[in-house]
Amino acid sequence: MAGLAVRVAGLTLRHPVMNASGILGSHPEGVKLLVDAGVSAVVTKSFTVEPREGYPTPIAVPLPYGLLNAVGLSNPGIDGISVVVEEARRAGLPVVVSIAGSSEDEFSRLASAAEEAGADAIEVNLSCPHAKGMGREIGIEPRLVYSVVSATASVTRIPVIAKLGYVDRLVEAVGKALEAGARAVTLINTLPAMMIDVYAMKPVLGNLVGGLSGPAIHPVAVRAIYEVYREYRIDIIGAGGVEDWRTAAELVLAGARAVQVGTALVTRGLRVIGEIVQGLERYMEEVGVESIEELVGAAHRD
Amino acid sequence: MAGLAVRVAGLTLRHPVMNASGILGSHPEGVKLLVDAGVSAVVTKSFTVEPREGYPTPIAVPLPYGLLNAVGLSNPGIDGISVVVEEARRAGLPVVVSIAGSSEDEFSRLASAAEEAGADAIEVNLSCPHAKGMGREIGIEPRLVYSVVSATASVTRIPVIAKLGYVDRLVEAVGKALEAGARAVTLINTLPAMMIDVYAMKPVLGNLVGGLSGPAIHPVAVRAIYEVYREYRIDIIGAGGVEDWRTAAELVLAGARAVQVGTALVTRGLRVIGEIVQGLERYMEEVGVESIEELVGAAHRD
Amino acid sequence: MQRYSYHSVELVRILWRGPRQVMLEYRYLDSAPSLSPGQFILFWVPGSEAIPLTPLYSDASRLVLLVVERGPTTARLVSSPPRHAGVIAVLGRRFTYRGDEMVFLAGGVGVAAVAMAAREAAQSGVRVTVFYGARSAGELAPVEEFLGGARVIYATDDGSRGLRGTVLDALHASGLRVGDVYTVVAGPKPLLCRAYSEAAEAGQLERLALSIETMVRCGLGFCGSCTIPCTGMLLCRDGPVVPAVRLGCWVVRECQN
Amino acid sequence: MQRYSYHSVELVRILWRGPRQVMLEYRYLDSAPSLSPGQFILFWVPGSEAIPLTPLYSDASRLVLLVVERGPTTARLVSSPPRHAGVIAVLGRRFTYRGDEMVFLAGGVGVAAVAMAAREAAQSGVRVTVFYGARSAGELAPVEEFLGGARVIYATDDGSRGLRGTVLDALHASGLRVGDVYTVVAGPKPLLCRAYSEAAEAGQLERLALSIETMVRCGLGFCGSCTIPCTGMLLCRDGPVVPAVRLGCWVVRECQN
């Protein structure tokens with residue numbers, strides 16, 4: 001599987017497929033399932049400083065083309081980071097700790113705790129609202145992206161990955177993240193969405209509104225990665241509706257060096273990781289490349 | 001069908017289902033097909049001042065959950081408005097003329113031409129780029145939304161409808177549109193997207209990137225309408241993945257007084273209008289309301 | 001194809017009311033999920049939350065639920081079942097047993113957790129006995145029609161119906177110990193613990209399965225809230241009916257022996 | 001279920017080359033569309049555009065195309081067919097004829113527009129004759145294997161193969177006039193116009209269909225670019241094979257009589 005080995009965001013991965021934050025990465029048991037599923041790195045649930053129960057149920061609604069969720073950043077808080085990191089390190093896998101703060105200070109604290117716990121990289125969740133921001137997510141404001149990433153990168157030596165949704169000024173936000181010290185970006189997070197049951201005549205999610213993930217958002221993810229890679233030849237981790245080798249390859253061709261699988265782990269099961277890896281191997285043979293790195297951003301060539 | 005009659009944006013419609021801009025509304029032949037399909041109003045293709053050929057093919061790619069398109073605003077130009085409007089008026093249907101300019105002046109000219117031609121309302125396409133703007137669409141910048149809608153509304157007495165995509169500052173943009181004289185808003189336009197063929201290793205669209213429509217974007221449309229209606233009790237026309245009575249009703253419950261059908265006219269055929277209308281009638285009987293207006297925004301009630 | 005789906009449902013009738021319990025019949029308004037025995041749903045009460053429930057019965061037209069009041073959402077369901085609700089399905093792992101004989105020990109609302117399994121086993125030719133217990137006769141829900149012809153033996157704490165005692169007492173009174181034949185137990189934790197203990201002492205853990213309860217939030221296997229303590233299992237993926245041989249650690253933690 | 005779909009294809013081989021023509025065989029890399037006679041595809045040449053083509057043949061494994069150089073994209077296809085390409089399908093309206101006998105008049109690349117229809121009719125028991133004409137023998141593509149056993153009569157302008165003359169001359173030489181039996185005509189506009197004229201004079205328009213050509217951009221029926229002048233029809237919805245009885249206005253506009 002040497003051909004699938006890839007370096008991204010300072011991590012050395014035996015293949016490019018990891019889980020997306022929010023899928024099974026909040027407790028050791030879940031991490032073990034991810035390890036057994038064959039991910040090349042473990043991405044944790046987003047940790048906040050204080051423990052969070054999360055939003056009232058329903059927190060996830062299956063749709064024909066994806067998943068609608070409003071989990072509410074349920075997590076055990078900053079003290080829960082180490083036991084999750086340990087489980088991943090025990091399995092010999094790189095671990096990316098996702099952090100979500102409502103202020104720069106919180107991001108700094110979480111970053112330090114993640115580094116102390118032994119994280120190999122930090123993924124900054126910019127899709128949560130900022131206490132002093134004016135938008136639904138930090139990523140909307142490039143200057144907030146700068147200050148949050150800076151607060152994270154300035155207190156730690158491990159690589160910082162900025163995770164963004166498809167915001168209006170995405171390329172600008174990525175530029176700010178890079179200026180502030182980000183080593184890479186993850187694109188994209190969920191799209192703002194909701195569902196109303198027409199008989200009950202009410203929103204189904206406990207939080208009323210939430211995020212859409214899965215196949216429905218894949219074409220948006222492709223474009224986000226393509227547009228950012230066109231502007232910056234940086235390390236991109238692609239996420240958004242990856243469910244098989246083809247959707248994974250599409251993100252790589254757009255410019256991603258690695259991909260995250262979220263919804264498909266839920267709807268298709270844990271075996272999807274192995275299926276994607278095997279499919280990518282066959283694909284690489286068919287198209288005649290020895291290393292997947294030769295394919296990164298290939299769609300940009302004439 | 002009295003129960004389905006609705007007033008929106010100054011239009012009196014016998015039922016709430018019309019076509020979305022871009023579907024069949026650029027030539028008299030297409031308008032006739034829309035009329036025969038039973039739409040309650042005809043929405044034209046977006047007219048620009050100069051005729052536009054549009055982007056190179058492929059201009060539309062069918063996906064499992066929707067349509068990816070980059071037509072490039074192909075249209076016969078300002079002189080093509082009247083023959084399209086006449087065809088709709090001949091059929092006795094209200095006609096909404098969609099206009100797309102790259103400057104305020106162009107919007108004003110198009111608005112006047114539309115009014116002169118006998119349009120009943122104008123839909124301002126804010127998802128095209130502005131000559132002096134800095135974003136991929138006018139809608140990204142609330143102040144540009146204001147100036148463009150103002151340029152449109154100030155030269156015409158017929159209702160002006162502002163059509164927006166799901167931009168970061170959507171509620172703010174709607175507020176600006178209203179301040180500038182918009183009578184209603186249409187939510188939402190397509191989502192930015194693209195597709196790369198993994199064998200050809202190239203973007204499929206001639207324009208490389210395009211807009212995603214259809215079922216994939218429906219949950220995003222529901223949220224857009226819900227969030228705007230929560231803030232402003234205004235006339236909203238809902239668009240985004242409407243393909244049957246349930247998806248139409250969902251937008252109404254979120255706050256829309258009427259809906260537009262785009263992709264489904266392509267993927268399911270012209271009969272979809274009648275199916276939605278009949279389905280809504282049955283639904284209203286089942287839930288025991290006499291007028292669809294009783295359901296507008298019902299999801300906001302406790 | 002799709003593992004998970006959402007379904008709108010409408011109340012057809014209230015089948016039965018007991019003290020702090022209700023049996024409800026809903027119908028699916030569009031498509032219906034295809035539940036196998038052992039599997040469960042998240043039932044969304046608009047205006048309240050979504051709670052995990054194993055249906056007494058579910059097919060293309062009917063959804064029958066037995067609900068006991070345990071918190072605000074179940075209290076709402078019991079006092080004032082909503083006309084319209086939502087179902088997220090299909091959650092959990094299918095449970096199948098195809099030996100000659102099996103027994104179910106169902107304490108209280110635990111009978112809902114095992115009814116479809118009992119029915120399917122009985123209809124497949126397994127000799128099935130369901131021991132169903134509650135505090136008194138008034139709290140025994142009329143579940144027989146959903147058990148597929150299985151034999152039902154009642155037990156009540158106060159003796160007002162069937163044997164005076166627990167379902168475990170009733171099992172013993174019938175001449176059996178836990179693990180003599182394949183046994184599935186659902187109900188309050190002390191019952192699960194005692195059953196485990198009995199099977200363990202007889203060296204018959206492989207003939208026992210317990211219906212576990214945890215908090216359930218997403219129901220789809222990604223949020224981790226339903227982790228069955230100490231086992232590495234997620235209830236919404238691997239349960240709720242879990243073979244006893246996998247529950248040693250859980251028992252040590254959860255049962256005061 | 002889905003009316004339209006996108007398919008990746010890979011070049012298998014070049015079957016034949018003629019002057020400014022090529023016959024190509026592609027295979028579908030994932031799923032294949034299900035084309036009926038009369039229907040067409042948009043064929044995307046990466047780096048160039050997507051052009052409308054009626055396949056000579058299309059099934060789950062093979063896609064056979066006859067391409068004539070008419071613009072930059074077809075020139076690219078003819079000179080250097082891409083190893084990988086894309087197909088948008090299924091466009092247009094199915095054409096079926098089930099009488100006893102029918103003829104096809106195919107001028108030049110028009111033979112591609114009618115091959116699948118001829119094949120399907122012949123295999124369904126209709127007595128089919130295909131009159132296939134070109135300027136000279138070298139420009140006649142080897143299409144017989146795709147015509148399902150239909151009788152083929154050739155015509156060349158220079159007489160280098162078959163009758164010296166047009167396919168219309170060949171029809172007459174065989175003793176028939178347009179409209180004596182059901183006739184489908186595909187090829188240059190003058191051929192369509194003459195055929196229409198002949199059928200009209202004989203009062204046999206209902207026994208004639210013409211394969212129309214327009215610009216095609218979206219192919220899916222919403223952009224309006226493929227409007228067949230004067231008829232109210234969209235080629236990608238209603239064509240390309242259109243009954244002559246609907247083409248009266250079109251003929252008046254497009255044919256100089």
Side-chain angles (χ1 to χ4, degrees), chain A residues 61 63-66 68 134-137 139-141 166-170 172 191-203 208-210 212 214-224 226-227 230 241 245-254 283 286-287 295 298-302, chain B residues 61 63-66 68 134-137 139-141 166-170 172 191-203 208-210 212 214-227 241 245-254 283 286-287 295 298-302:
Chain A
V61 185
L63 301 177
Y65 320 118
L68 179 64
M134 294 184 320
R136 68 170 189 275
E137 51 184 277
I140 287 177
E141 304 266 9
Y166 198 112
V167 291
D168 290 346
R169 295 179 172 73
L170 178 60
E172 190 183 336
L191 297 182
M194 83 186 296
M195 175 188 174
I196 295 169
D197 183 306
V198 299
Y199 299 97
M201 296 198 196
K202 282 187 159 51
L208 306 185
V209 299
L212 178 66
I217 76 169
H218 181 71
V220 181
V222 177
R223 179 162 171 175
Y226 186 90
E227 289 183 329
R230 182 170 56 185
W245 71 264
R246 192 196 65 76
T247 39
E250 201 174 353
L251 297 192
V252 171
L253 294 170
Y283 170 67
E286 268 192 50
V287 301
L295 296 176
H300 294 259
R301 301 175 201 156
D302 278 329
Chain B
V61 185
L63 302 177
Y65 320 117
L68 180 65
M134 294 184 320
R136 68 173 188 274
E137 50 184 279
I140 288 177
E141 304 266 7
Y166 197 113
V167 291
D168 291 345
R169 293 176 173 75
L170 178 59
E172 191 183 337
L191 297 181
M194 83 185 298
M195 176 190 174
I196 295 170
D197 182 306
V198 299
Y199 298 98
M201 297 198 194
K202 280 187 160 53
L208 306 185
V209 299
L212 177 66
I217 78 169
H218 181 71
V220 181
V222 177
R223 179 163 172 174
I225 293 160
Y226 186 91
E227 289 183 330
W245 70 265
R246 192 196 66 75
T247 38
E250 201 175 355
L251 297 192
V252 171
L253 294 170
Y283 169 66
E286 270 193 48
V287 302
L295 296 175
H300 295 259
R301 300 173 203 157
D302 279 326

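Letters A, B, ... mirror the listed sequences (proteins, then strands); counts begin at 1.
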Between B:Y65 and A:Y65, what is the ring plane arrangement, given parallel below 30°, perpendicular above 60°, and tilted in between? tilted

For the side chain to side chain contact (heavy atoms under 4.5 Å, CB included) test, which of B:V252, B:L251, B:V222, B:I225 pairs with A:I196? B:V222

Highest number of heavy-atom pairs under 4.5 Å with chain B: which of A:A224, A:A200, A:P215? A:P215

Interchain contact, B:V198 with chain A, by part (heavy-atom threshold 4.5 Å): both

Quick one: closest heavy-atom pair of A:P203 and B:A299, and the distance? CD-O, 3.7 Å

Check this for me: does any side-chain nitrogen of one of A:E141 and B:R169 sit under 4.0 Å from a carboxylate oxygen of the other? yes

To the nearest 0.5 angstrom, please state how far the OH atom of B:Y199 sits from the CZ atom of A:R246. 8.5 Å

Turns out that what part of B:L212 lies under 4.5 Å from chain A's heavy atoms comes down to side chain

At a heavy-atom separation under 4.5 Å, does A:L295 approach chain B through its side chain, its backbone, both, or neither? side chain

Passing candidate, side chain to side chain contact (heavy atoms under 4.5 Å, CB included) with A:P219, options B:L63, B:V209, B:V61: B:L63

Chain A contact via B:R136 - side chain, backbone, both or neither, heavy atoms under 4.5 Å: side chain

Is any side-chain heavy atom of B:K202 less than 4.5 Å from a side-chain heavy atom of A:R301? no

Backbone N or O of B:V167 within a donor-acceptor pair of the A:D168 side chain at under 3.5 Å? no

Is A:E250 close to B:D197 at the side-chain level, that is, under 4.5 Å between some pair of heavy atoms? no

Most contacts with chain A, counted as non-hydrogen pairs under 4.5 angstrom, among B:I217, B:L68, B:V220: B:V220

Does the side chain of A:L208 reach to within under 4.5 Å of the side chain of B:Y226, using non-hydrogen atoms? yes

Return the NE2 to CE distance between B:H300 and A:M201, rounded to the nearest 0.5 Å. 13.5 Å

So which of B:A216, B:G214, B:G139 has the largest heavy-atom pair count under 4.5 angstrom toward chain A? B:A216

NE2 of B:H218 to CE of A:M195: how many Å apart, nearest 0.5 Å? 8.5 Å

Backbone N/O of B:G210 and side chain of A:R223: donor-acceptor pair under 3.5 Å: yes

When heavy-atom pairs shorter than 4.5 Å are enumerated against chain B, which of A:A298, A:P192, A:A249 gives the highest number? A:P192

Is chain B contacted by the side chain of A:E137, its backbone, both, or neither, given a heavy-atom distance below 4.5 Å? neither

